[in-house]
Student: 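Before we start, here is the structure in question, set down as structure tokens.
As the structure lists them, so they are numbered: ligands from 1, and atoms in each ligand from 1.
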Amino acid sequence: MDVMSAPAIQRNDNCFVLALALLSGRAMIRALSHMALIVQKYGGTSVGNPERIKNVARRVLESQRAGNQIIVVVSAMSGVTDSLLKLAAEVSEHPTEREMDVLLATGEQTTIALTAMAINQLGGSASSLTGAQAGISTDGVHTKARIANITPDAVHRLLDDGNIVIIAGFQGQTSDGRITTLGRGGSDLTAIAMAAAVKADLCQIFTDVDGVYTCDPRVVKVAQKIETISYDEMLEMASSGSKVMQSRSVEFAKKFGVRFEVRNSMNTNPGTLVKEEENGMESVVVRGVSIERNQAKVTIDDVPDLPGVAAKVFDAITKANIVVDMIVQNVSWDSETDISFTLSAADLPKAEAALKPLVSGLGDKVELRTQSGIAKLSIVGIGMRSHSGVASKMFTALANAGINIQMISTSEIKTAVIVNESEIENAARVVHTAFGLDA
Ligand code: ASP
Ligand code: MG
């Protein structure tokens with residue numbers, strides 16, 4: 001989970017509350033005319049080539065012709081943002097983040113123009129807007145800016161004139177006119193925030209899968225599509241490896257109560273509805289199982305059990321810009337303890353470099369041990385709050401399959417274990433079955 005984003009969202013609450021209050025008149029007119037305002041977001045794969053852009057154009061027009069007002073938010077065509085990053089690296093070792101944003105924003109700008117053209121070609125009437133033109137103001141943190149407020153006047157003017165409005169995702173503008181981008185996957189955030197700002201009746205996130213699944217269907221063939229999931233479960237699934245959407249946008253949706261659907265842009269199958277928690281949702285104990293591969297663990301053995309030791313260790317890790325996941329400290333009986341944590345295997349060399357100088361200073365017996373080739377398996381469900389025996393059921397399923405558990409961590413709605421990476425797929429399958437999730 002991107003914890004860093006929470007304070008920023010809070011800081012911006014007031015702007016949004018104000019914007020929402022001002023818009024109630026328009027919502028009333030829509031209600032009287034039985035017209036819905038829909039925000040549809042199409043990800044990079046869904047607009048990945050001209051044929052697919054034409055497919056989006058047809059779908060959008062169909063939704064409008066069914067009597068709705070449509071705002072479309074698009075990503076860059078798949079692969080474009082990555083190639084822009086590569087291009088930058090070819091001309092400069094350290095491009096400024098200001099110029100990086102000018103460059104990256106062109107990916108989405110290409111897609112809005114092409115999508116509008118495709119709709120117009122089909123006889124529709126569409127106009128494109130960059131993030132700035134759509135009134136998206138951000139702070140000045142280049143390459144990971146946060147939305148400060150949205151003034152959707154231009155959007156409303158175009159909608160009122162009967163246009164489909166195509167907005168570039170992932171970008172905004174600072175108060176002094178600099179182009180910013182919202183962090184990788186940021187088009188989701190544009191769609192959710194825009195839906196909140198215009199008080200949309202519906203927000204649809206179109207992607208290349210049918211929705212959120214009980215587990216990755218490539219691993220668990222019998223995984224099922226989840227019909228309804230709460231924001232918290234969606235966030236826990238995302239932070240434990242099931243990346244369907246950018247976590248920041250799910251947090252934002254929760255904060256502003258934006259219900260949204262995750263759907264497939266290539267078919268008309270019903271998707272997954274993501275919404276606030278409701279009575280009855282707790283009857284399902286485990287909503288989903290997620291897998292995160294390429295993990296590593298670090299153990300610092302026999303450190304003195306004194307105030308400030310953990311602080312020193314994690315201060316060094318933070319300074320090296322490493323994000324840790326599980327942290328486990330042993331109960332100490334003999335004035336020494338062991339601290340273990342997990343991290344992405346890619347960060348292991350950095351962590352070793354940061355900790356080696358520190359470890360010798362902590363005491364003679366202190367030892368640094370590391371291991372990669374591990375993976376994390378998590379079960380997530382708000383039903384865990386009110387059901388007992390969830391962890392033991394998971395551990396029993398793993399034991400029966402002969403899979404050793406190396407670390408365990410729990411939160412209110414999640415139980416996660418670390419196992420050998422070679423066993424993760426089997427682990428996912430047996431746990432999926434144990435909780436009755438198989439189709
Ligand atoms: N194009 C950006 C990215 O690839 C934003 C997005 O697709 O949501 O991260
Ligand atoms: Mg020990």
Side-chain angles (χ1 to χ4, degrees), residues 1-2 4-5 39-50 52-53 55-56 60 71-89 95 97-116 128-134 136 138-139 141-147 150 166-173 179-196 203-209 212 234-235 238-239 242-253 258 260-266 271 274 323:
M1 191 180 74
D2 184 0
M4 298 303 289
S5 65
V39 174
Q40 298 187 334
K41 184 255 169 176
Y42 291 91
T45 327
S46 303
V47 293
N49 59 44
R52 291 196 172 166
I53 291 177
N55 168 57
V56 167
V60 168
I71 296 171
V72 180
V73 173
V74 287
S75 290
M77 295 166 74
S78 54
V80 166
T81 306
D82 287 332
S83 14
L84 290 171
L85 285 167
K86 277 197 205 108
L87 266 180
E97 294 191 320
R98 182 193 186 282
E99 297 315 321
M100 213 58 214
D101 276 350
V102 174
L103 179 70
L104 292 185
T106 63
E108 272 70 12
Q109 194 169 333
T110 304
T111 322
I112 53 170
L114 292 174
T115 308
S128 65
L129 296 173
T130 63
Q133 289 175 319
I136 299 173
T138 71
D139 65 15
V141 185
H142 282 293
T143 76
K144 36 186 167 308
R146 307 191 189 290
I147 296 178
I150 297 184
I166 320 288
I167 300 173
F170 175 58
Q171 55 175 264
Q173 177 173 258
I179 296 173
T180 50
T181 63
L182 309 177
R184 294 309 302 266
S187 297
D188 288 336
L189 184 59
T190 304
I192 300 283
M194 190 51 79
C203 181
Q204 300 176 311
I205 307 289
F206 285 100
T207 174
D208 52 0
V209 291
V212 184
M234 180 85 174
L235 282 167
S239 70
S242 304
K243 270 268 173 297
V244 179
M245 266 180 84
Q246 189 208 38
S247 295
R248 258 173 85 185
S249 31
V250 182
E251 282 175 31
F252 198 100
V258 180
F260 60 91
E261 291 174 346
V262 179
R263 303 184 59 143
N264 197 326
S265 66
M266 315 293 173
V274 187
V323 179

Student: Do any nitrogen or oxygen atoms of Asp188 come within less than 3.5 Å of a nitrogen or oxygen of ligand 1?
Tutor: no
Student: Could you measure the distance from the CG atom of Asn264 to the OG1 atom of Thr207? Nearest 0.5 Å is fine.
Tutor: 7.5 Å
Student: Can you find an N/O atom of Gly185 closer than 3.5 Å to an N/O atom of ligand 1?
Tutor: yes
Student: With rounding to the nearest 0.5 angstrom, report the CG to CZ distance, Leu103 to Arg98.
Tutor: 12.5 Å
Student: Arg184 heavy atoms, cut-off 4.0 Å: which ligand 1 atoms fall inside?
Tutor: 3 (C), 4 (O), 9 (O)
Student: Which of the atoms in ligand 1, numbered in the order shown and given with their element, are less than 4.0 Å from a heavy-atom of Ser187?
Tutor: 5 (C), 6 (C), 7 (O), 8 (O)
Student: For Arg248 and Ala145, which heavy atoms make the closest approach, and how far apart are they?
Tutor: NH2-O, 3.0 Å
Student: Kindly write out the residues that satisfy side-chain contact (heavy atoms from CB on, under 4.5 Å) with Ala89, not counting sequence neighbours, or none if the list is empty.
Tutor: none
Student: Given Val74, which of Ile167, Thr110, Ile53, Ile112 fulfils the side chain to side chain contact (heavy atoms under 4.5 Å, CB included) condition?
Tutor: Ile112
Student: Looking at ligand 1, would Gly169 count as a contact under a 4.0 Å heavy-atom criterion?
Tutor: no
Student: One residue to check: Gln246. Relative to ligand 1, which of side chain, backbone, both or neither has a non-hydrogen atom less than 4.0 Å away?
Tutor: neither
Student: Closer than 4.0 Å to some heavy atom of Ser75 - which atoms of ligand 1 meet that?
Tutor: 6 (C), 7 (O), 8 (O)
Student: Give the intermediate values and the outcome of side chain to side chain donor-acceptor pair (under 3.5 Å) for residues Asp101 and Thr180.
Tutor: CA-CA 5 Å; Asp101 276 350; Thr180 50; 5.4 Å; no
